[in-house]
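By convention in this document, chain letters (A, B, ...) are assigned in the order of the sequence lines, proteins followed by strands, and residues within each chain are numbered from 1.
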Number of protein chains: 2
Amino acid sequence: MYVFAMAILERAHLEIIRAVDQQGSLTAAAETLHLTQSALSHTARKLEDQLGVAIWHREGRSLRPTQAGAYLLSVANRLLPQLDQAEALLRQFANGERGVLRFGMECHPCYQWLLKIVSPYLAAWPAVDVDVKQKFQFGGIGALFNYEIDLLVTPDPLYKAGLTFTPVFDYEQVLVVGPGHPLRQCAFVQPKQLSDETLITYPVEIDRLDVYTRFLTPAGVSPRHHKTIETTDIMLQMVASGRGVAALPRWLVEEQSAKFDVAPVKLGRRGVDKQIFVGYREADAGINYLQAFVELARSYRQSQ
Amino acid sequence: MYVFAMAILERAHLEIIRAVDQQGSLTAAAETLHLTQSALSHTARKLEDQLGVAIWHREGRSLRPTQAGAYLLSVANRLLPQLDQAEALLRQFANGERGVLRFGMECHPCYQWLLKIVSPYLAAWPAVDVDVKQKFQFGGIGALFNYEIDLLVTPDPLYKAGLTFTPVFDYEQVLVVGPGHPLRQCAFVQPKQLSDETLITYPVEIDRLDVYTRFLTPAGVSPRHHKTIETTDIMLQMVASGRGVAALPRWLVEEQSAKFDVAPVKLGRRGVDKQIFVGYREADAGINYLQAFVELARSYRQSQ
DNA sequence: TACATACATGAACAAAATTAATCGATAGAT
DNA sequence: ATCTATCGATTAATTTTGTTCATGTATGTA
């Protein structure tokens, strides 16, 4: 394995130089390296020939490092531990103990959900790092295929060859109203009842908003105004102060009702039920820290 | 060359990983490494098998690094330059451009002389480092044989097999007297004239002091007092203030006479002439930065 | 002087890495 | 849609390299 004509110094040479220094003789070094003395003698001489420098002074039957040898020893002591560590780390990669889990998020409630689940996961997998990305040039599915992310959290699974989606969270999408809102006491709201309201949503395309696709649009209704807000907290603040109504997961509203004076109202008689899925490449099914995340997510779903 | 069963990651692997990243494909990498595409493909696959980790995702006809691959790339970018630099430095060793010249000093005037000559030498050989040692368990010759030092500067050459000595400096050892000293006007001093004096010398054994071995002892004379002082400056200060007389090289006294009010007096009618030699191992005769030092020293001798 | 120990050497052998030839897949051009 | 150039994988043959075995030489020691 010579790769370049120029490259002479191999890892094995450094191992030999270090072993000879530690053991004090070629023969002893050969033993620790599980080789014969002859093999080391040959290799050492060849290295010296190629470098054009003596590495040891031969004085009778002992080897004393030359200046070049002393320098090489310092190189060996510096670089060999780094190579050893690299191999150890790769072994962790191989065993699936170490890795980076890159999440892609396609919806705002997904993000809220991930926050809850990531912290027990990190505790269980200390050698795994987590990264979250939210913008994708070719959509979440494309990011999965391009290996930009490893897990996609989305309400819209796409059953496509090479990808696996698993439901991890069920929730009901509800209307959120502020204090003293006329709809607050209703068992449910009908589309027409929003035609005079200001609807506040996250800033995404309308066909990705369930209030539209599964509630307003089928009934041919539009709200009087439509405002977009980035963050959930501000959105709830707006609703609590009577500036409009919003559509959010019921669990999120209930969690935040202690903080903001808001109440959930069912969307339509039947309600709007949603699911969040995680998707990953089938090729990655064997990565155990990835599987572990999916399992953890599923177990959370059971417990609710 | 496998050395350990454990060691997998070789320099060549890192070269391949770096080249594939830089060139963008196996085929292009093979070209820059002067190998065939097949060779790289084999080596890469074998490495992945041994590590148990994929280094690249194979997507159609392109290679995209996996997490492990990205990590290995960072290792390669960190370690390969260090290996390259080590080889470059060894090449300098091989060409005799680089090295460390370790001096051993066996006499105080030798040290004074070395100080004068080292600075032009360092200017001429910027890649050579100089180190000076003054204490030796088995004497200067022993230090030479033990490779503790590379050059011995001494007034006492020992023509022994394996060593070469060259005279590099001739000087006259003289008595140094202070202002108003009765001997100051004499053309020379005789041993008896020192029997009432205080003699100041460096702190070494008497049989290594030329005032004794070549002047006082042959005449059976001893000075009244004998004091020892480490440093030349303090010694001259003592002499200048009339606390005693000393024996030093004439050139040193003349150099310092501007600074201290001292004068040289010949030791005996004939004077005491001395030589400084540098000795080195014959085995090192081929080291050109060592030869260069000896040459430089000799040329200084000529010019004086 | 004999003996043990350490490194060097040459030839034979074993184990690799490398190559050549070929295949299948893919992206881009016509 | 088809063709073509390009890329990586594969197999078998070849070459190179590393290792061992047996032996030699030098050195320090009982």
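The side-chain contact (heavy atoms from CB on, under 4.5 Å) test with A:Gln67 singles out one residue from B:Val100, B:Asp129, B:Leu101, and that residue is B:Val100.
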Annotated protein contacts, base or backbone, on nucleotides 7-15 of chain D with a non-hydrogen cut-off under 4.0 Å, one of B, S, - each: BBBBBB---
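Sorted by first and then second residue, the salt bridge (Lys or Arg N to Asp or Glu O under 4.0 Å) pairs involving residues 286-295 of chain A (not counting sequence neighbours) are A:Glu295-A:Arg298. Residue pairs meeting the salt bridge (Lys or Arg N to Asp or Glu O under 4.0 Å) criterion with at least one partner in residues 43-58 of chain B, sequence neighbours excluded, are B:Glu48-B:Arg58. Sorted by first and then second residue, the salt bridge (Lys or Arg N to Asp or Glu O under 4.0 Å) pairs with a member in residues 71-81 of chain A form an empty list; sequence neighbours excluded. Annotation: ring-ring contact (aromatic ring centres under 6.0 Å, His included) contacts involving residues 57-80 of chain A, sequence neighbours excluded, comprise A:His57-B:Tyr147.
Counting to the nearest Å, the P atom of C:dA17 and the CD atom of A:Glu10 are 11 Å from each other. Distance, A:Asp49 CG to D:dT17 C1': 15 Å, rounded to whole Å. At whole-Å resolution of the value, CG in A:Leu40 and P in C:dT9 are 15 Å apart. Here C:dA8 presents its P atom at 12 Å from CD1 of A:Ile16, a figure rounded to the nearest Å. What separates CD of A:Glu31 from P of C:dT5 is a distance of 13 Å, to the nearest Å. Atom-to-atom, CG of A:Leu47 to C1' of D:dG18 comes out at 14 Å; the value is rounded to the nearest Å. In this structure, B:Leu33 places its CG atom 14 Å from C1' of C:dA17, rounding to the nearest Å. The interatomic distance linking A:Lys46 (NZ) with C:dA8 (C1') rounds to 17 Å, in whole Å.
The side chain of B:Thr36 contributes no N or O atom lying less than 4.0 Å from OP1 or OP2 of C:dT18.
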Please tabulate, one pair per line, all N/O donor-acceptor pairs under 3.5 Å involving side-chain atoms of residues 276-287 of chain B, not counting sequence neighbours.
{"unit_1": "B:Tyr280", "atom_1": "OH", "unit_2": "B:Gln291", "atom_2": "NE2", "d": "3.2"}
{"unit_1": "B:Arg281", "atom_1": "NE", "unit_2": "B:Asp284", "atom_2": "OD2", "d": "3.2"}
{"unit_1": "B:Arg281", "atom_1": "NH1", "unit_2": "B:Leu144", "atom_2": "O", "d": "2.6"}
{"unit_1": "B:Arg281", "atom_1": "NH1", "unit_2": "B:Ile149", "atom_2": "O", "d": "2.8"}
{"unit_1": "B:Arg281", "atom_1": "NH2", "unit_2": "B:Asp150", "atom_2": "OD1", "d": "2.9"}
{"unit_1": "B:Arg281", "atom_1": "NH2", "unit_2": "B:Asp284", "atom_2": "OD2", "d": "2.7"}

